[in-house]
Amino acid sequence: MLLRLTVILALIALAPSHAYEALAHTSNAASAADHSSKLDALKSFEQSSSSEQAKPLPAPARWGGLIGEYALDNGILYILEKDGRLCALFKRAELEPLEEVSKNTFKFPALGSRAGQRLVFTRDAHGRATQVEAGNVLYKRRQVGPEEGATQLRVTPLRPVPELLKEARTTEPPKERGVFRAPDLVELTKLDPSIKLEIRYATTNNLFGTVFYPEARAFMQHPAAEALVRVNHKLRQMGYGLLVHDAYRPWYVTKVFWDATPDDKKLFVAEPSKGSRHNRGCAVDLTLYDLKTGEPVEMVSTYDETTDRAYPDYPGGTSLERWHRHLLRTAMESEGFTVYEAEWWHFDYKDWQKYPIGNLPFDRIGINRE
């Protein structure tokens, strides 16, 4: 236990200060400013859920069907677990720990503006709450992720993906000015076989339900790949390994993503006219897996989820999920990676701008140079 705590503290010391950036949840400035103002209120909440703390226990299973988002007009009530207690978070600023009265009934603390009030949940036949009444105000559950039990959120493409793929393969990436390093893409699993792969875009289990890659492989520029191996070694001392969903991505795939994605979801995909850090071989999408079980750990959202739950500062979920998310971020930051503002799983290596946009398919890497 002492060794594990020492490793955690070492990771924290190596990582840059955890900045609470003004992240834009939408493209309009008003939403960005509103989000920024909420971050200060969440700072202490995030810190007390971070990897500096002892690893939290899983939340009680009986609360699983209650945790989530509930809406009233434009307001959202978050029901989450923190420090072994079910909590209600109003306006992303007012956190109220709850006292359990019965399976579906909780009450607010005796001291506070809601003293004496109760929360009463209504569940469906599967035990999942459909609404919650808080102080005579009824909030309806919001469906913010995949359907119950699903591992992947889906969006309906604006045009058929096979049609877009055919077009994109005949299109050239944008021309860039400047001096770039020669690409040196290496395969992650050849550097470290303990890095596991679950390359969603080599299957139909992805955002668009279409196969994009002919092989489940992951490549990065050599310095970025070596940094990722160092992260994996650190995490192994703590009982975790890295599970990679995507790394280098040919430019033509990025173009398809952009052309297929509805406008209200385009924040979650890169604009092809600028290329992406995935195209440059310096971005990676990943999560943690448990070395004992070999299974992915619990996170606040699923991978490639185009919802607020994907944000690195999203306050909902459970203490354990948020602890895992923060541990991954801390380990990655300690080796020169930065988390993307809208996706907890996406990390960019510090030298990404020194490499050109790449468009080589996997089967040509190592044969021809870009």
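All values below come from the heavy atoms of this structure, side chains included, with hydrogens, waters and symmetry mates left out. When a residue number appears, it is its place in the shown sequence, counting from 1.
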**Q.** side chain to side chain contact (heavy atoms under 4.5 Å, CB included) partners of Pro162, counting only residues at least two apart
**A.** Pro160
Q: Under the side chain to side chain contact (heavy atoms under 4.5 Å, CB included) rule, what do Lys166 and Thr170 come out as? Steps first, then yes or no, please.
A: CA-CA 7 Å; Lys166 184 177 180 180; Thr170 64; 5.8 Å; no
Is it possible for you to say whether [X] and [Y] belong to one hydrophobic cluster, with membership spreading through side-chain heavy-atom contacts below 4.5 Å?
X	Y	answer
Leu89	Leu119	no
Val120	Leu77	no
Val284	Ile365	yes
Trp344	Phe347	yes
Leu57	Met299	no

Q | Heavy-atom side-chain proximity of Phe362 to Tyr213 below 4.5 angstrom | A | yes
**Q.** Trp345 vs Thr287 side-chain heavy atoms within contact, under 4.5 Å
**A.** no
Just verifying a value: how many Å separate [X] [atom1] and [Y] [atom2], rounded to the nearest 0.5 Å?
X	Y	atom1	atom2	value
Thr261	Phe268	OG1	CZ	10.5 Å
Leu191	Arg230	CG	CZ	11.0 Å
Ile195	Arg236	CD1	CZ	10.0 Å
Phe337	Leu286	CZ	CG	8.5 Å
Asn359	Arg364	CG	CZ	8.5 Å

Just checking, any donor-acceptor pair under 3.5 angstrom between side chains of [X] and [Y]?
X	Y	value
Thr330	Glu333	no
Thr130	Lys140	no
Asp192	Ser194	yes

Q. How far apart are the C-alpha atoms of Arg62 and Glu100, what are their side-chain angles, what is the distance that settles it, and do they pass the salt bridge (charged side-chain N to carboxylate O under 4.0 Å, His left out) test?
A. CA-CA 11 Å; Arg62 65 183 182 279; Glu100 190 168 11; 2.9 Å; yes
**Q.** side-chain hydrogen bond (donor to acceptor under 3.5 Å, both in side chains) partner of Tyr70, chosen from Arg141, Gln131, Arg142
**A.** Arg141
Q: Flag the pair Glu176 and Arg280 as a salt bridge only when some basic side-chain nitrogen lies within less than 4.0 angstrom of an acidic carboxylate oxygen.
A: yes
Q.
Less than 4.0 angstrom from a charged side-chain N to a carboxylate O is my criterion; do Arg309 and Glu69 meet it?
A. no
Q.
Under the salt bridge (Lys or Arg N to Asp or Glu O under 4.0 Å) test against Asp285, which residue among Arg249, Arg200, Arg277 passes?
A. Arg249
Q.
Does the plane of the ring in Phe121 sit parallel, tilted or perpendicular to the ring in Phe106? Use 30° and 60° as the thresholds.
A. perpendicular
Q: Determine, stepwise, if the pair Met332 / Thr338 fulfils side chain to side chain contact (heavy atoms under 4.5 Å, CB included).
A: CA-CA 7 Å; Met332 293 293 286; Thr338 303; over 6 Å; no
Q.
Can you confirm whether or not the ring centre of His245 sits under 6.0 Å from the ring centre of Tyr201?
A. no
Q) Strictly under 6.0 Å, is that where the ring centroids of Phe212 and Phe257 end up? A) yes
(Q) Checking the side chain of Glu96 only, and the main-chain atoms of Pro109 only, is there a donor and an acceptor separated by less than 3.5 Å? (A) no
Q: Please report the shortest heavy-atom distance between Val186 and His222, naming the atom on each side.
A: CG1-ND1, 3.5 Å
